[in-house]
Enquirer: 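A single structure is presented below for examination.
Computed from heavy atoms alone, side chains included, the values below leave out hydrogens, waters and symmetry copies. The structure presented is a predicted model; accordingly, all values stated were derived computationally and were not measured.
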Protein chains: 2
Amino acid sequence: MRIAASRGLHAASMREVAAEAGVSLRLVQYYFHTKEELLKGVLAHLGRQITERVTRSVAAMGEPMTPRTFLYGALTALIPTDDQSRRIMLAYQAHYTLTLTEPELAAEGLTYANGLLDFVAGHIRQAQEAGEVAADEDPRQAAAITLALVTGLQSSVLAGQYDGRTATELLTSHLDRLMGGPGQQVI
Amino acid sequence: MRIAASRGLHAASMREVAAEAGVSLRLVQYYFHTKEELLKGVLAHLGRQITERVTRSVAAMGEPMTPRTFLYGALTALIPTDDQSRRIMLAYQAHYTLTLTEPELAAEGLTYANGLLDFVAGHIRQAQEAGEVAADEDPRQAAAITLALVTGLQSSVLAGQYDGRTATELLTSHLDRLMGGPGQQVI
DNA sequence: CAGTTTATGATACAGATGTATCACGTAGGA
DNA sequence: TCCTACGTGATACATCTGTATCATAAACTG
């Protein structure tokens, strides 16, 4: 993960991984029999790291946990802010690009993405029922747009166009528009 | 470009490129002395292809050319719809990910991205002055959000989550919200 | 204690990769 | 006609790659 984030995924050979981890090449072979397994392992690890970050961010929002605060917490957690999250997202981006040309992995990623879409759409619908989102919004469409925005912001931050704070503000601005501001209700 | 789009950028060795193009390895070496130059050449070629697609799309919008129609034409052209644009964007995505860990290339891409941001922000400001965008919008912020959305939609289409048509509709929906619908004026 | 798991070390090997070199042909312009 | 540029072919070379195979030792587990 550190290698992918700093020097690119193409630099992550078995030998480089072993060196970076300070272990023998033999040990890398021991746990991840092939390179494919190594990559899948990293991808799974990244997934766990991101999930954990989201969970923590949501928990930090505090009470009361409305659909709106939940969405703010979960989505802003996907924007890299510190060095560690930046590393994670950078490595994830590299792996993600790989999956685009690897049909088996692509299908898996697609399932995940659709699950996330359903998840966010469901929460937006809940927020709508709670009167926090305008009635004429289509929750699924709003979720799709919001998630695409998050992806794009993520990418911009990784490229160094915005810092994490600016990107978070942009996302917050979008969410405020969707949900009528942090403290206010939209009929 | 074809190799990067179909089998991934890591499969684009000098020999594979020569084979795909139906020429000798020697000729690839002859024009692109090193692999780095080859990659830069592809990146430049992709840039030209995308620019051309945008230009054509804008031209196809027909008269009258308002800031709004211009933005619709330019931005929707960035969503892959047919096989060729899909190939281009896929190859571009692969190269883009590479630049993230290659500081010199990253700086170049950043300049380009900031230029695009200024460009779109300028047109949104024009649309605002023409009364097509609400007065309380910050053109630069609206441009940033819109461009990030485009990037995200692009990525989703490449991953196969939406087809080009659906993604274009999502983008259009966002633009309609920003600019008060395709034919209607805000205030 | 015995046996299994976890870990290391030193190599080996076939294949791919970027790059370089030498020779040869073909065309176009001075 | 001579010369320069364009293009092809065959091949060489050092390096890196993923993977495999020896033997060996420490640590845990029943």
Side-chain angles (χ1 to χ4, degrees), chain A residues 1-49 87 90-109, chain B residues 1-49 87 90-109:
Chain A
M1 187 188 101
R2 287 198 295 269
I3 295 174
S6 60
R7 281 177 292 155
L9 196 49
H10 62 274
S13 67
M14 300 286 268
R15 284 168 178 84
E16 285 296 323
V17 168
E20 174 75 30
V23 299
S24 62
L25 166 61
R26 188 62 189 78
L27 192 59
V28 179
Q29 287 184 285
Y30 185 76
Y31 279 101
F32 310 94
H33 303 297
T34 67
K35 180 161 193 187
E36 198 184 343
E37 277 193 50
L38 172 64
L39 290 180
K40 281 185 185 170
V42 176
L43 202 51
H45 179 69
L46 289 172
R48 282 192 300 271
Q49 297 261 84
R87 249 196 316 275
L90 205 55
Y92 187 78
Q93 166 95 358
H95 282 79
Y96 176 81
T97 302
L98 248 196
T99 67
L100 291 181
T101 51
E102 223 93 1
E104 331 119 44
L105 285 179
E108 201 173 325
Chain B
M1 187 188 102
R2 287 198 295 271
I3 295 174
S6 59
R7 281 177 293 154
L9 196 51
H10 62 272
S13 67
M14 301 286 268
R15 284 168 179 84
E16 285 295 324
V17 168
E20 174 75 30
V23 300
S24 62
L25 166 61
R26 187 62 189 80
L27 192 59
V28 179
Q29 287 185 285
Y30 186 74
Y31 279 102
F32 310 95
H33 304 295
T34 68
K35 181 162 193 188
E36 197 184 344
E37 276 192 51
L38 172 65
L39 290 180
K40 281 186 184 170
V42 176
L43 202 51
H45 179 69
L46 289 172
R48 282 192 300 271
Q49 298 260 86
R87 249 198 315 274
L90 205 54
Y92 186 79
Q93 166 94 1
H95 282 78
Y96 175 81
T97 302
L98 249 196
T99 69
L100 291 182
T101 51
E102 224 91 4
E104 331 118 42
L105 285 179
E108 201 174 325

Enquirer: How long is the gap from CZ on Phe32(B) to CG on Leu27(B), to the nearest 0.5 Å?
Expert: 9.0 Å
Enquirer: Do Leu90(A) and Leu100(B) have side-chain heavy atoms sitting under 4.5 Å apart?
Expert: yes
Enquirer: Please lay out, stage by stage, how Thr97(B) and Leu98(A) fare under the test side chain to side chain contact (heavy atoms under 4.5 Å, CB included).
Expert: CA-CA 10 Å; Thr97(B) 302; Leu98(A) 248 196; over 6 Å; no
Enquirer: According to salt bridge (Lys or Arg N to Asp or Glu O under 4.0 Å), does anything in residues 5-32 of chain B pair up with another residue at least two apart or in another chain? List the pairs.
Expert: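 Qualifying pairs: Arg2(B)-Glu20(B), Arg7(B)-Glu16(B).
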Enquirer: Please encode protein proximity along nucleotides 17-26 of chain C as a string of B, S and -, counting only heavy-atom distances under 4.0 Å.
Expert: BBBBBB----
Enquirer: In Å and rounded to the nearest 0.5 Å, what is the CG to CG distance from Leu43(A) to Leu105(A)?
Expert: 7.0 Å
Enquirer: Would you kindly give the CD-to-C1' distance between Glu37(A) and dG18(D), to the nearest whole Å?
Expert: 13 Å
